[in-house]
Every structure is written in C-alpha cells, then in structure tokens.
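We count ligands from 1, going down the list as the structure has it; atoms in each ligand are counted the same way. Values below: all heavy atoms of this structure, side chains included; hydrogens, waters and symmetry mates excluded.
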Amino acid sequence: MLGYEELRRAFDGLGLKDKPVIAHASLKSFGKVDGGADTLLRALLDSTGTLIMPTFTYKTMITPEIGPPNNGLTYGDDHDLNRMAEPFTPPMPADKQMGAVPETLRNFPQARRSMHPIQSFAGIDADKFLSAQSLQDPLAPIGALAEVDGWVLLLGVDHTVNTSIHYAEKLAGRRQFTRWALLPNRIIECPGFPGDSAGFDAIAIDLVRDTRSLKIGDAIVKATPLKLLFEAVVRRITADPLALLCQRDDCERCNAVRIVVAGQRLAD
Ligand SMILES: [Zn+2]
C-alpha cells in the first residue's frame, strides 16, 4: 500500500517543486493508496508549485434543434439527454468520468474553481490561472500556465485525457465547436469547445525526449512542459491536418475536422 511519504518522495523526483502544473489522474492505476485521493493530492500539492485540474460538467449540456453547420453534432437528436441535463451552479460536482481526484481537489477548503458551465477548473493558489478563463476562451488557464513554464502531469492515464492537447489543436488552427449549457435561468452558448481526444495518444512518441517518466506503485507517471507539448502538437497538425484524430467512422467531431480539411485541400 502506498502512503503519503512514498508518493511525496516519488513526486519530488519529477522536479516540479516550483512549477505550476495541470494534472490528470487515475487513482485506481496506483493500486492501493492509504487515504485515497486525499493522500495523493496532499503529496502532489507538496511537490508542485501550483496545481490545477479539470472539473468538467458535461451533464449541463443541451443539444438544440438547430445550430451552426458542421458542428460535430446531430441537432434535435438528444431530447432524453436534454431532459436529464442539470443546470450549472458553482458547487456542482465534477462529472464521475473525471475521476475521484479532481472532485476531491475541488472539495479542499482552500480550493477555488473557475465558473465555465462545462469546462471549469479547480486549483489551489491558482487564481491567476483560473481567472484567465472566459466563456470565449475556456482553455485559457492552460495557456496561462504555459506562459510561466507550466507542466502537464499524467498520473496513470494517457494522452487521451490530456486537455492541454486541445489547447494546442486550437493554436494549430484546428476547428473548434459550439456547445450549449444549462444555467439555472437560461441556456448559454459556449464557443471554443474542443474536438475529440480519443486519438491523442499518438503524440506520446513525439514527447519521449521531453518527458520525465517514473513508476509509482502500479502507475506510470509522466510530466511534460506545456510549451514543448504545444510545439509537438502544432508540428504534427501542420505536417498532417488529420493527425491525432480518432479512427471511429461515426465520430462526429473528428469527421467535422475531416470535412474542413477536405474543403481546404479543394481550395488549394
Ligand atoms: Zn474522434
């Protein structure tokens, strides 16, 4: 069983003591941790400069009857899901699919959360990053981290959950989408919604030299500087505008990107 001391020693080995970090974690991947997500987070907080995590709430999303074209979405198709949508409020828990760790971070007494109704982030001593977010620029906290030598930390998860790759996709000019979220008194349009991440692990091979990696318990932990991640993703997409898309025939967002790229190729 892993405890605080072993986790702390291992995380210290990543050399992130003074770095602001965005983390994605699977608690299960570590095997047994004494004290669970709380212990994992205390060790992380003590071995990084600043920590933020995504506390996304997809359960607020509404699909309208009509909307902009090629938006990676079938309009008017989600009546049942729309009925189950919940209005965003600041204390709304992060979705279960985000895992136990970000929700535990959000519940730390000293934690703050940004206010995007779908793509909020929680952090401690991270107000300057969290406040960079706007409705128009939901992933701005990641850009703000990168500006001050921020790192992304993958704790027992791969790049398919690496939100920072979405930031780099936008830098590379890849299509962004519009989504809609339920608030207590209205529905709000949310621009800048990213594409699908199922194909993202293909970037791992480009990052081997720039990634600090170690094994803790059963988990592989990987730390990469955000700026180098952005450069690698932009390089890939510039070389091949279809890079990092998934291979599922019915993936609406990846197919929407393919439609844009096919149009650009016709125009060239
Ligand atoms: Zn896809």
Please report whether the ring centroid of Phe200 lies less than 6.0 Å from that of His166. yes
Enter the distance from Ile203:CD1 to Arg235:CZ here, rounded to the nearest 0.5 Å. 8.0 Å
Pairwise side-chain hydrogen bond (donor to acceptor under 3.5 Å, both in side chains) hits with a residue in residues 185-197, at least two apart: none
Under 2.8 Å from the Zn ion (ligand 1), which protein N, O or S atoms are there? Could you list them by chain and number? Asp196 OD2, Cys246 SG, Cys251 SG, Cys254 SG
Distance-only criterion, 3.5 Å: show the donor-acceptor pairs between side-chain atoms of residues 44-53 and protein atoms not counting sequence neighbours.
{"unit_1": "Asp46", "atom_1": "OD2", "unit_2": "Tyr4", "atom_2": "OH", "d": "2.5"}
{"unit_1": "Ser47", "atom_1": "OG", "unit_2": "Ala43", "atom_2": "O", "d": "2.7"}
{"unit_1": "Ser47", "atom_1": "OG", "unit_2": "Leu44", "atom_2": "O", "d": "3.4"}
{"unit_1": "Thr48", "atom_1": "OG1", "unit_2": "Leu44", "atom_2": "O", "d": "2.8"}

Exercise: do Glu103 and Asn107 side chains pair donor with acceptor under 3.5 Å: yes
ring-ring contact (aromatic ring centres under 6.0 Å, His included) partners for Phe129, two or more places apart: none
